[in-house]
Amino acid sequence: MDVHVDRDRCLGAGMCALTAPRVFDQDEEEGLVVLLDARPPEEQRAAVRVAAGVCPASVITLTQDGSSPAS
């Protein structure tokens, strides 16, 4: 699994950081998403899927390893 985020569309709600804190954080200045691990280990992937699903701005894109995110 590859994780991509679009910081330009992030609202700073923080749901991703709360749901998968080993993969997502928020910057201190604007509260926008910071991707900590673009290729999370298997044990983090369920939380990452939930984080992508609860993101109110839908800025998290998940792809299979090595493929490009859909635009």
* Answer yes if V3 and M15 sit in the same cluster of Ile, Leu, Val, Met, Phe, Trp and Tyr residues linked by side chain heavy atoms under 4.5 Å apart, and no otherwise. => no
* Following the transitive rule for hydrophobic clusters with a side-chain heavy-atom cut-off under 4.5 Å over Ile, Leu, Val, Met, Phe, Trp and Tyr, establish whether V59 and L35 coincide in one cluster. => yes
* Structure fact -> Test side-chain contact (heavy atoms from CB on, under 4.5 Å), reference F24, set C16, P40, C55, output is C16
* Asked: Between R9, Q26, R7, which is the residue that forms a side-chain contact (heavy atoms from CB on, under 4.5 Å) with L32?
  -> R7
Heavy-atom pair with the smallest gap, counting every atom of [X] and [Y]:
X	Y	answer
D27	G31	OD1-N, 2.8 Å
A51	T19	N-CG2, 3.7 Å
R39	D2	NE-OD1, 2.8 Å

* **Pairwise side-chain contact, D37 with Q44, heavy-atom cut-off 4.5 Å (strictly under)** => no
* How long is the gap from NE2 on H4 to CD1 on I60, to the nearest 0.5 Å? -> 12.0 Å
* Asked: If you draw a 6.0 Å radius around CD in E43, do more than 12 non-hydrogen atoms from other residues or ligands fall strictly inside?
  -> yes
* With a cut-off of 6.0 Å (strictly less than), are more than 12 heavy atoms of other residues, nucleotides or ligands near CZ of R22? -> no
